[in-house]
Amino acid sequence: MSFTTTDLKVRHIAARQMQAGPTRSGKDETIVFLHGASGLPLWNDFFGSLAERYSLLVPEHPGFGGSSPPDDIRDIADMAMYYLDYLDRCTSGKVHLIGHSVGGWIAAEASCRNTRKIESLTLMAPAGLRIKGTPTGDNFIWSPEESVRNLVFDPALAERMLSRETSEEEADMILANRFMAAKLGWEPRWLNPALERWLHRIDVPTKIIWGANDNLFPAAYGKKWNDLIEASSLEVIDRCGHLPQVERPDESARIIISFLDGAAK
Amino acid sequence: MKFACFTLMPYRPLDMAERNKHRSAWVVMPNSLYDPRKGADEYESYISQLALAETLGFDIIAVNEHHQTAYGMMPAPNLIASALIQRTKKAKIAVLGRALPLVNNPITIAEEFAMLDTLSRGRLIAGFVRGIGTEYHATGINPAFSHERYLEAHDLIVQAWTRTGPFEFEGNHYNFRYVNLWPRPYQEPHPPIWVPSQGSSETIRWAASPERRYPFLVTFSAQDLVIRYLQMYKNQAREFGYEASGDQLGWAAPIYVADTDEKARAEAKAGAESLFNDYLYNPWEMLLPPGYMSKSSMKNTMKMRKALGSRPRTHSIDSLMESGTVIAGSPKTVLEKINRVRDQTGVNILVSMLQFGVMSDELAIRNMNMFSSEVMPHLR
């Protein structure tokens with residue numbers, strides 16, 4: 001099972017998107033997955049499982065990957081509005097919106113503004129909130145190696161990730177991704193102080209997924225998200241760091257699919 | 001040639017064994033390693049050295065700004081500049097510089113520079129910098145907007161100095177209903193603006209543009225890079241249709257002079273190696289936070305530094321002298337080395353750092369005396 005990558009244009013802003021499924025008898029429903037700060041994900045079983053019965057779209061955030069940073073997307077609020085445009089123009093009907101890390105933050109910001117095109121919301125270790133006295137990790141000061149070791153729970157997985165060679169093209173994209181991620185989350189660090197005042201506006205079924213061993217955004221943050229969003233439930237995955245879809249792909253997909261099959265319908 | 005005497009004011013009593021437990025002497029190294037009483041002694045030493053520089057015939061004495069680091073004890077360089085104004089009569093006082101993007105109200109920079117210019121009756125040189133990458137970790141300011149904020153803060157400050165107030169400033173990062181500077185600068189139309197830089201091509205192009213022609217100082221780089229960056233400025237000027245004068249070109253380097261090459265090498269060793277290995281060294285993530293430089297500049301910088309083969313914290317006095325990053329030797333040797341860069345670039349401003357790293361007051365003062373009596377006169 002695999003995906004295709006296509007070019008995307010939302011108004012004048014160009015980006016790419018990965019597209020897959022449904023590979024079995026479909027439900028005629030669409031999942032939109034918003035990626036985290038490290039950019040378009042590597043395809044794995046997590047995405048494969050989602051694409052079995054759903055049409056899966058994984059758009060690349062403007063400014064990430066190869067594209068040059070667009071002038072009119074300068075912060076998380078711009079990005080949220082951009083994705084409302086995207087949902088209006090590039091998807092038909094309502095979608096199940098999933099976001100990981102900074103992508104989860106974007107998804108939550110968009111959902112606070114308008115859920116007209118959003119059927120359900122899944123937030124995987126989203127950025128965006130703060131618990132005073134419970135600091136987040138500083139992935140802008142970590143070295144690349146430290147980042148990998150801090151982002152996953154299983155040291156063997158970290159070794160495998162570190163042994164992957166990076167091509168020059170990928171190194172370029174990493175620079176671009178970090179640049180755009182800094183725009184969105186450097187100051188205040190991965191935080192919109194106003195967000196917690198407005199999360200009550202999210203009026204769609206919401207699943208929050210957190211790795212019990214997340215060293216970037218500690219699992220305590222999951223509880224806070226769950227407390228602030230009305231129709232939400234929280235699932236904490238044990239032996240799992242900040243990348244549930246990478247570290248526990250089957251478990252993560254299972255949680256999401258059963259959420260979409262049940263609560264979201 | 002014009003000569004500036006410059007010091008970073010490093011905190012010399014640093015416990016290096018403790019320092020080595022941290023990835024950098026910036027931002028993440030605990031300030032429990034700083035002793036306020038020793039700090040007071042350090043200020044006294046350094047201010048005395050800079051005041052002595054005027055007596056020795058230096059044209060300019062210079063200070064600069066860094067934050068949360070043992071590398072330099074001047075988070076507020078204007079305070080030192082103010083003290084120097086009281087201790088000197090003729091020397092220009094250069095603040096090289098204030099880091100514009102790090103403040104949320106650049107009018108305070110315009111105001112303080114105007115005060116210093118007035119207090120010194122027009123002796124101020126105003127350096128405009130962005131701060132090094134670590135500064136963005138120290139202040140929280142978003143490095144992705146560093147260039148934008150620099151350019152906008154520059155426009156605001158120059159307008160505050162030159163336009164009749166009150167006027168309104170409408171920017172993206174900075175917005176002010178009332179800009180109306182009291183006091184205005186002493187010099188007309190405003191103090192000279194200098195641009196020290198590690199060589200980002202965007203900064204060089206901007207500084208060289210015909211309406212600005214700001215002197216560009218290349219700081220602490222191997223000789224090949226110094227020449228390359230100064231050439232870049234000259235080429236830019238030519239592209240803009242004019243010839244850059246030597247007074248637009250500056251070079252900041254650690255310099256050490258002694259009777260013989262061997263003695264100079266031996267005496268400069270501890271200072272130079274500690275400067276580059278212990279005080280200045282930063283991992284990439286701290287030195288080049290995302291967006292601090294454009295992607296292409298960042299790639300070039302990483303490539304150039306890699307090509308120089310510098311492994312982290314392995315600089316030796318020999319490698320530093322060989323690359324020309326540190327100029328050390330007998331007066332004759334030092335003259336030759338400076339002349340080599342001058343001949344190739346026409347550089348006419350030399351910002352000499354005569355105390356560096358852990359170098360003692362005694363050696364620093366001897367170095368200042370030797371440099372001013374044995375080297376400077378031959379380059380005038």
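Note: hydrogens, waters and symmetry copies are ignored here, and every other heavy atom, side chains too, is used. Below, chains carry the letters A, B, ... as their sequence lines are ordered, and counting in each starts from 1. From a predicted model like this one, the values you see are computed outputs, not experimental measurements.
- For A:A176, the parts sitting under 4.5 Å from any heavy atom of chain B are the backbone and the side chain alike.
- Taking the side chain as every heavy atom from C-beta outward, B:P289 and A:F140 never approach each other to under 4.5 Å.
- Proximity to chain B involves both the backbone and the side chain of A:P144, based on heavy atoms less than 4.5 angstrom apart.
- Closest non-hydrogen pair, B:A144 versus A:F179, comes out as CB-CE2, 3.6 Å.
- Enclosure of atom CE in A:M81 is not indicated, since only 12 or fewer non-hydrogen atoms of other residues, nucleotides or ligands lie within 6.0 angstrom.
- Taking A:D154 as the reference, nothing meets the salt bridge (charged side-chain N to carboxylate O under 4.0 Å, His left out) condition, with sequence neighbours excluded.
- In this structure, the portion of B:I141 lying under 4.5 Å from any heavy atom of chain A is its backbone and not its side chain.
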Quick check - list every chain A-chain B donor-acceptor pair under 3.5 angstrom, one line each.
residue : atom : partner : partner atom : Å
A:R74   : NH1  : B:E148  : OE1          : 3.4
A:R74   : NH1  : B:E148  : OE2          : 3.2
A:R74   : NH2  : B:E148  : OE1          : 2.6
A:R74   : NH2  : B:H173  : NE2          : 3.3
A:I141  : O    : B:R23   : NH1          : 3.1
A:E146  : OE1  : B:R23   : NH1          : 2.8
A:E146  : OE2  : B:R23   : NH2          : 2.8
A:D172  : OD1  : B:K299  : NZ           : 2.9
A:D172  : OD2  : B:K299  : NZ           : 3.1
A:A182  : O    : B:N142  : ND2          : 2.8
A:W186  : NE1  : B:Y136  : O            : 3.3
A:W186  : NE1  : B:G140  : O            : 3.3
A:W186  : NE1  : B:I141  : O            : 3.1

